[in-house]
2 protein chains.
Amino acid sequence: MKSTTLTRKQEICITAARLFKQKGYSAVTMRDLAAEVGVKAASLYNHIASKEEILNEVIVNIAESFTEGIQGIRLADTKVAEKLEAVIAQHVHLTADNPYGMASLNNDWMHLGEGKEKYLALRSAYEQHFREIIKKGKAQNVLKDIDEEVILFSTLGTLRNLYLWIPKKADLQRSKLIDSLCETLLNGVKTT
Amino acid sequence: MKSTTLTRKQEICITAARLFKQKGYSAVTMRDLAAEVGVKAASLYNHIASKEEILNEVIVNIAESFTEGIQGIRLADTKVAEKLEAVIAQHVHLTADNPYGMASLNNDWMHLGEGKEKYLALRSAYEQHFREIIKKGKAQNVLKDIDEEVILFSTLGTLRNLYLWIPKKADLQRSKLIDSLCETLLNGVKTT
DNA sequence: CCTACCGATCGGTAGG
DNA sequence: CCTACCGATCGGTAGG
């Protein structure tokens with residue numbers, strides 16, 4: 001395993017993720033993908049077993065990163081406010097590192113085959129960790145008494161859409177974006 | 001035009017929108033759709049010209065509602081804070097009325113043919129109206145001095161994801177949801 | 001990595 | 001509304 005050279009399989013998966021973001025998994029053909037990689041369609045099958053395997057590679061690794069990350073944040077010996085900021089920062093970093101994969105994660109997971117259950121379990125676990133952080137925040141009076149599901153899905157809604165506009169704001173620095181998002185999501189946009 | 005009876009074309013488009021949300025436009029075949037409607041695939045073509053026309057019907061009407069709505073909100077003789085609340089309320093109402101169509105609007109617009117330019121124009125106009133409201137809010141010191149694009153896309157991110165969880169919270173009353181979202185998006189989730 | 005090819009299925013049409 | 005059908009293209013395999 002070299003660190004600076006991509007294997008052919010990795011190259012295929014990265015190229016595929018970019019195409020999946022543009023047109024969605026179902027509309028991307030193996031011939032589209034092959035042309036983009038620079039080989040014939042049949043040659044792809046020397047590196048991957050099926051189209052579905054590519055989707056699995058693209059989605060499951062990211063999903064694992066998210067779930068492992070938030071678990072660490074939840075269990076860490078930090079204040080709730082810091083945990084919330086860490087969750088936001090994690091989303092920015094993972095999304096900026098792989099905006100194409102995030103598109104598949106959000107929109108194409110239903111086309112997973114065997115891997116679908118694993119993905120759904122990871123997503124449930126992620127949401128549950130997030131919910132526990134929110135519950136703790138409400139119990140400590142750090143968070144307002146707003147419906148926990150509204151807080152969860154409102155915040156997640158913003159974070160899950162980052163993949164759509166992070167690529168458009170290439171000039172935006174991560175740390176500045178994280179600060180702005182923390183302020184917006186945690187303290188709101190209105191003056192007090 | 002009867003108001004209580006759906007035309008066959010409307011029935012086809014509504015059924016299609018539901019399937020598009022489940023699997024995405026590209027993965028839904030005309031035979032899937034026909035089976036759900038209860039006819040043979042060839043019979044669909046007595047009511048619609050093509051698969052693409054169905055997508056156009058599903059997406060463009062909603063996009064027009066959003067853009068016309070926010071234009072009215074922007075031009076109304078109301079305070080900025082009320083305008084922001086009205087934008088949130090509009091999203092809740094339009095999404096609750098048609099959660100399936102919202103999925104296509106968000107995820108399948110790239111498969112529009114002729115209608116794509118119109119859709120993109122409507123979306124740009126929508127975002128521009130929203131931006132102007134935000135600018136006004138910042139000028140009047142109603143909104144904090146946060147990057148305007150962050151406010152825009154953070155708020156829109158949450159609102160554009162409503163279609164995913166409104167159907168799961170059938171018990172949630174619209175007015176209560178609107179109140180919670182206004183509080184969360186405008187004033188934040190943290191106690192002060 | 002390629003050429004050649006396969007069965008299945010796609011969106012859509014002809015004709016009644 | 002149906003049966004019958006079409007050319008194109010799909011994901012994938014055989015064999016070198």
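Order of the sequence lines sets the chain letters (A, B, ...), proteins ahead of strands, with each chain counted from 1.
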Practice item. Take the protein atom NZ of A/K40 and the nucleotide atom P of D/dC10, then report the distance between them rounded to whole Å. Key: 14 Å

Point to revise | Separation of atom CG in A/N46 from atom P in D/dG15, rounded to whole Å | key: 15 Å

Practice item. Starting at atom CD1 of B/I48, determine the distance to atom C1' of C/dT13, rounded to an integer number of angstrom. Key: 13 Å

**Study point:** Any residue meeting side chain to side chain contact (heavy atoms under 4.5 Å, CB included) with B/T191, in chain and number order, not counting sequence neighbours
**Key:** A/N141, A/K144

**Study point:** Atom-pair distance (OH on A/Y45; P on D/dG15), nearest Å
**Key:** 18 Å

Practice item. Determine the interplanar angle of the A/Y119 and A/W109 rings, folded into 0 to 90°, and report it as parallel if under 30°, tilted if 30 to 60°, perpendicular if over 60°. Key: parallel

Exercise for review: Could you identify which residues of residues 20-32 of chain A place a heavy atom less than 4.0 Å from some atom of DNA chain C, listed by residue number, or say none?
Suggested key: none

**Study point:** Gap between atoms CG and P, on A/L44 and D/dG12 respectively (whole Å)
**Key:** 10 Å

Review point. With sequence neighbours left out, what residues match B/R74 under side chain to side chain contact (heavy atoms under 4.5 Å, CB included)?
Key: B/H129, B/E132, B/I133

Check your understanding: For the pair made of CD in B/E53 and C1' in C/dG12, what is the distance, rounded to whole Å?
Key -> 14 Å

**Study point:** Partners passing side chain to side chain contact (heavy atoms under 4.5 Å, CB included) against A/A42 (at least two apart in sequence or in another chain)
**Key:** none

Point to revise | Integer-rounded Å distance: C/dG12 C1' and B/H47 NE2 | key: 15 Å

**Study point:** Within 6.0 Å of OH in B/Y126, more than 12 heavy atoms from elsewhere
**Key:** yes

Review point. Less than 4.0 Å between a side-chain N and a carboxylate O, is that true for B/E149 and A/K176?
Key: no

Study note, to complete from the structure: Contacts of B/S50 meeting side chain to side chain donor-acceptor pair (under 3.5 Å) (sequence neighbours excluded), chain-then-number -> none

Exercise for review: Enumerate, in order of first residue number, the stems that involve DNA chain D, defined as 3 or more consecutive Watson-Crick or G-U wobble pairs with both distances under 3.5 Å.
Suggested key: C:1-16 with D:1-16

